[in-house]
Amino acid sequence: MTATARDRLIVGLDLPTIGEAESIVKALGNDALFYKIGYQLVFAGGLELARDLARDGKKVFLDMKLLDIDNTVAKGVENIVKMGMSMLTLHAYPKAMKAAVEAAKGSDLCLLGVTVLTSMDEQDVIDAGYEYDPHTLVLRRAEQARNAGMGGIVCSAEESAAVRKIVGADMAIVTPGIRPAGSDRGDQKRVMTPAAALNAGSSHLVVGRPIVKANDPKAAARVILDEMSGAL
């Protein structure tokens, strides 16, 4: 992969208002090319912001984690394609992934299967009713995503090396839970530094709070970009 650090860094706009998100985008300027918009911002008008960012030449990772009956997933994906989004998440269930892949066929939308949330550890997975430990469940879902024709998966950087062996060189591995050395983990349980994640096989890194909650978001982003560049 020849993408630069800016192509690989996805800034998570996990903020309560459009105004705050727009302020971060303005502050980061050309230092950020890729933004993630998830539930919090979507329900505050974030879909319009997503369209605006795409029209302005930015890439948008719409983190909706879709899961529903096949037809509902397919129709949702068809409309998201029309929005000009670059990435979209859905839970890595085989039927949902196959429906999404068919709906996105011929477009540039990269579909990502969410394996196991980085806020979950082994006990959380057991409590959710799964018979696998997180690592085994991630690998199983990665294989299913590859077989369904997905563009990539979302997993913890701790699993990136093992996942890369399963999905090959071409699929994206997007990893949240990225924390620069010395930063607060927050509610994330499986985390890694930017350089370590890239070295492990991740293709894209999602960084939210360490940038958007920093006193100087632009400076924080540049530190992370420098670390990423050194690892590429």
Side-chain angles (χ1 to χ4, degrees), residues 1-14 24-25 27-38 57-61 63 86-87 89 110-121 134-135 138-139 141-142 145-146 150-232:
M1 296 182 183
T2 58
T4 67
R6 286 200 308 161
D7 295 310
R8 294 169 179 260
L9 174 63
I10 303 174
V11 178
L13 294 176
D14 300 317
I24 292 293
V25 173
L28 293 178
N30 291 329
D31 285 328
L33 300 177
F34 217 142
Y35 289 95
K36 178 182 78 76
I37 293 180
K58 301 292 187 182
K59 294 182 178 181
V60 180
F61 168 15
D63 189 17
S86 296
M87 287 180 168
T89 53
C110 179
L111 296 170
L112 302 171
V114 176
T115 55
V116 178
L117 300 177
T118 52
S119 61
M120 298 177 72
D121 58 18
H135 184 78
V138 167
L139 299 187
R141 287 182 165 173
R146 181 200 65 198
M150 296 282 283
I153 70 160
V154 180
C155 68
S156 162
E158 291 182 359
E159 288 104 24
S160 289
V163 166
R164 182 59 71 194
K165 293 178 181 178
I166 291 173
V167 303
D170 295 332
M171 284 180 67
I173 297 179
V174 180
T175 53
I178 300 300
R179 293 290 184 269
S183 64
D184 182 14
R185 289 190 171 210
D187 57 359
Q188 301 284 14
K189 294 181 178 178
R190 292 164 22 248
V191 302
M192 194 172 284
T193 65
L198 291 175
N199 289 331
S202 299
S203 63
H204 297 76
L205 311 183
V206 180
V207 184
R209 282 166 283 188
I211 293 176
V212 302
K213 297 297 184 182
N215 291 329
D216 186 340
K218 192 176 187 72
R222 285 182 172 174
V223 168
I224 292 169
L225 286 167
D226 287 344
E227 180 179 341
M228 292 172 66
S229 294
L232 293 175

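Residue numbers start at 1 and run along the sequence shown.
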Checklist entry - Do L111 and M150 come within less than 4.5 Å of each other through their side chains, counting heavy atoms only? => result yes
Next on the checklist: Using the rule side-chain contact (heavy atoms from CB on, under 4.5 Å), only one of V11, V174, L13 pairs with F61; which is it?
Outcome noted: V174
Item to check | Spacing of H135 atom NE2 and C155 atom SG [to the nearest 0.5 Å] | outcome: 10.0 Å
Next on the checklist: Do M87 and K36 make a side-chain contact, defined as non-hydrogen atoms from C-beta onward lying under 4.5 Å apart?
Outcome noted: no
Checklist entry - Looking just at side-chain N and O atoms, do D226 and S229 make a donor-acceptor pair shorter than 3.5 Å? => result no
Checklist outcome for this item: Closest non-hydrogen contact found for I178 with A197 is CD1-CB, 3.7 Å
Checklist outcome for this item: Taken in chain and number order and not counting sequence neighbours, the residues that satisfy side-chain contact (heavy atoms from CB on, under 4.5 Å) with V114 are K65, T89, H91, L117, V154
Checklist entry - From L198 CG over to E227 CD, what is the distance, rounded to the nearest 0.5 angstrom? => result 8.5 Å
Next on the checklist: Distance check, rounded to the nearest 0.5 Å: C110 atom SG versus H204 atom NE2?
Outcome noted: 7.5 Å
Checklist entry - Between the main-chain N or O of A32 and the side-chain N or O of K58, is there a donor-acceptor pair closer than 3.5 Å? => result yes
Next on the checklist: Tell me the closest heavy-atom pair linking I211 and A220, and the distance in Å.
Outcome noted: CA-CB, 4.3 Å
Item to check | Short side-chain to backbone donor-acceptor contact, S203 and I173, under 3.5 Å | outcome: yes
Checklist entry - For M228 and L9, which heavy atoms make the closest approach, and how far apart are they? => result CE-N, 3.8 Å
Checklist entry - What's the shortest heavy-atom distance between R146 and I166, and which atoms? => result NH1-O, 3.0 Å
Next on the checklist: Taking the side chain as everything from C-beta on, heavy atoms only, tell me whether R141 gets closer than 4.5 Å to I153.
Outcome noted: no
Next on the checklist: Using the side chain to side chain donor-acceptor pair (under 3.5 Å) criterion, which residues pair with D31? Sequence neighbours excluded.
Outcome noted: K218, R222
Item to check | For the student: nearest non-hydrogen atoms of I24 and Y35, plus distance | outcome: O-OH, 4.4 Å
Next on the checklist: Tell me every residue that passes side chain to side chain donor-acceptor pair (under 3.5 Å) with R6, counting only those two or more places apart in sequence or in another chain.
Outcome noted: none
Checklist entry - Side chains of R8 and L232: does their closest heavy-atom pair fall under 4.5 Å? => result yes
Next on the checklist: I'd like to check T175 versus S160 (side-chain heavy atoms, cut-off strictly below 4.5 Å). Are they in contact?
Outcome noted: yes
Checklist outcome for this item: Minimal heavy-atom distance between D170 and R164, with the atoms involved, is N-NH1, 4.5 Å
Checklist entry - Do P210 and R179 have side-chain heavy atoms sitting under 4.5 Å apart? => result yes
